[in-house]
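Each residue takes its place number in the sequence, starting with 1. Below, all heavy atoms of this structure are taken into account, side chains as well, without hydrogens, waters or symmetry copies. Remember, it's a predicted structure, so these values are computed and weren't measured experimentally.
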Amino acid sequence: MSEYIIGLTGGVASGKSTVEARFRALDIVVADADAAAREAVAAGSDGLAEVVAAFGSGILTADGSLDRAAMRQRVFAESAARKALEAIVHPRVRTALADACQMASSTYAIASIPLLAESGGRSAYPWLDRILVVDAAVTVQLARLQQRDGSDAALAQRMIAAQATRQERLAIADDVLVNDGALAVLDAQVLALDQLYRRLAAA
C-alpha cells in the first residue's frame, strides 16, 4: 500500500498526460480523476441514479447510459446544473482516487486531477502529501491546442480561460515541472522528481 500520495495537475495542453505516462513507465501507480468521473456515473451505478433523480431521464441514451453531450450542454448553460452535477460526482471521484492510491503497490502513488485548483485544491484533497503542477506558458498551450485538436485561436483561448489561471495553479504547487521544451528535458525532470518522492515516501 502507498501511504505517500502526490496530486498531479496542469492546464489543458500543458502535457500532463505525457508526464503521467513517464511516471507509469517508472512503475508508479497513477489514479486518474477523469476515469473515476466516468465510473461514478456509469450505467447502473448509484451515481447515475442520483443524476437521473436530479435532472430527469432525458439525460439518458437509449441504452440507459449517460448522454454526455446533452449533460455537457446543460451544465455549460446553467451554473446551478453544473454545481448539482459536481455535488454528485466530485465526492465519488475523491473517494475512488484515495482508495486507488492507498491500495497502490508502488512506493508512492499519483492522483491525476486536472481540475485540482478549480475543485478546492488542498482543502478538497487533504490526503495529498504534495502537489505537482505541470506548467507551460499560455502561448505554448495555445499552440499545442491548435495543433493537437485543430482548434482555432478563439476556441483555444476560450478553453484556457474556462480553467483556473496559471497563477492559481502555481499557488497550490509544492513542485513545478516546466514542460515547454524538449522531451529529454521533461524526462530529466520526471526522473529527479521520482527520486525525490521515493526518498520522501521512505522517510
Exercise. Which distance, rounded to the nearest 0.5 Å, do you find between the CD1 of I113 and the CD1 of I6?
Worked result: 11.5 Å

Problem set entry | Candidate pair I110 and V29, rule side-chain contact (heavy atoms from CB on, under 4.5 Å), full reasoning | CA-CA 6 Å; I110 291 177; V29 171; over 6 Å; no

Problem set entry | Cluster overlap F23 with V134, hydrophobic side-chain contacts below 4.5 Å | yes

Exercise. Is a donor on one side and an acceptor on the other found under 3.5 Å between the side chain of R169 and the backbone of A164?
Worked result: yes

Exercise. How far does CD1 of I172 sit from CG of L116, to the nearest 0.5 angstrom?
Worked result: 4.0 Å

Exercise. Is a salt bridge present between D174 and R122, judged by a nitrogen-to-oxygen distance below 4.0 Å?
Worked result: yes

Exercise. Of the non-hydrogen atoms in I160 and L145, which two are nearest, and what is the gap between them?
Worked result: CG1-CD1, 4.0 Å

Exercise. So, does N179 use its side chain to make a donor-acceptor pair with the main chain of A136 at under 3.5 Å?
Worked result: no

Problem set entry | Heavy-atom closest pair, residues C101 and I5 | CB-CD1, 3.6 Å

Exercise. Taking only residues two or more places apart in sequence, or in another chain, which ones meet A42 in a side chain to side chain contact (heavy atoms under 4.5 Å, CB included)?
Worked result: none

Problem set entry | Those residues that, when tested against E20, pass side chain to side chain contact (heavy atoms under 4.5 Å, CB included) (two or more places apart) | L8, K16, R24, V30, D32, S112

Please list, one pair per line, the donor and acceptor atoms closer than 3.5 Å that link side chains of residues 73-81 to other protein atoms, with sequence neighbours excluded.
| from | atom 1 | to | atom 2 | distance (Å) |
| --- | --- | --- | --- | --- |
| R74 | NE | E78 | OE2 | 3.3 |

Problem set entry | Pairing residues for R22 by the side chain to side chain donor-acceptor pair (under 3.5 Å) criterion, not counting sequence neighbours | D187

Exercise. Is T95 reaching over with its side chain to a backbone N or O of P91, donor-acceptor style, under 3.5 angstrom?
Worked result: yes

Seminar exercise, completed: Sorted by chain and residue number, the ring pair (Phe, Tyr, Trp, His ring centres under 6.0 Å) partners of Y125 (sequence neighbours excluded) come out as W127

Exercise. Does anything in residues 52-64 pair up under salt bridge (charged side-chain N to carboxylate O under 4.0 Å, His left out), and if so which pairs, sequence neighbours excluded?
Worked result: none

Exercise. Residues in side chain to side chain contact (heavy atoms under 4.5 Å, CB included) with A137, at least two apart?
Worked result: T139, V140, R166

Exercise. Closest approach of T107 and R198, non-hydrogen atoms and distance?
Worked result: OG1-NH1, 3.5 Å

For this session: Say whether L196 and I28 are linked into one hydrophobic cluster, either directly or through other cluster members, by side-chain heavy-atom distances under 4.5 angstrom.
Result: yes

For this session: Output all residues satisfying ring pair (Phe, Tyr, Trp, His ring centres under 6.0 Å) with Y108, sequence neighbours left out; order by chain, then residue number.
Result: Y197

Seminar exercise, completed: Rounding to 0.5 Å, atoms CD (Q189) and CG (L177) come to a distance of 4.0 Å

Exercise. Are any side-chain N or O atoms of Q163 and backbone N or O atoms of L115, one a donor and one an acceptor, separated by less than 3.5 Å?
Worked result: no

Exercise. Closest heavy-atom contact between Q146 and A156?
Worked result: CG-CB, 4.2 Å

Problem set entry | Qualifying residues under side chain to side chain contact (heavy atoms under 4.5 Å, CB included), relative to R68, sequence neighbours excluded | R38, V41, L66, R72

Problem set entry | Heavy-atom closest pair, residues L128 and A111 | CD2-CB, 4.2 Å

Problem set entry | Spatial distance of atom CG (L132) from atom OG1 (T9) [nearest 0.5 Å] | 9.0 Å

Seminar exercise, completed: Applied to residues 42-60, the side-chain hydrogen bond (donor to acceptor under 3.5 Å, both in side chains) test, sequence neighbours excluded, yields E50-R92

For this session: Write down the atom of A43, the atom of G64, and the distance for their closest heavy-atom approach.
Result: CB-O, 4.2 Å

Problem set entry | Check against side-chain contact (heavy atoms from CB on, under 4.5 Å), E86 and V89 | CA-CA 5 Å; E86 288 173 352; V89 175; over 6 Å; no

For this session: Output, in order, the C-alpha distance, side-chain angles, deciding distance and verdict of side-chain contact (heavy atoms from CB on, under 4.5 Å) for T18 and L186.
Result: CA-CA 9 Å; T18 304; L186 177 70; 3.6 Å; yes

For this session: Could you note down all residue pairs passing ring-ring contact (aromatic ring centres under 6.0 Å, His included) where residues 174-196 supplies at least one of them, sequence neighbours left out?
Result: none

For this session: Would you indicate whether the side-chain heavy atoms of D135 and L170 approach each other to under 4.5 Å?
Result: yes

For this session: Please report the C-alpha distance between E3 and Q102 in whole Å, then the side-chain angles of each, then the deciding distance to 0.1 Å, and finally whether the side-chain contact (heavy atoms from CB on, under 4.5 Å) criterion is met.
Result: CA-CA 6 Å; E3 294 184 0; Q102 286 162 5; over 6 Å; no

Exercise. So which pairs with a foot in residues 135-172 pass ring-ring contact (aromatic ring centres under 6.0 Å, His included), sequence neighbours left out?
Worked result: none

Exercise. Is a donor on one side and an acceptor on the other found under 3.5 Å between the side chain of E168 and the backbone of A117?
Worked result: no

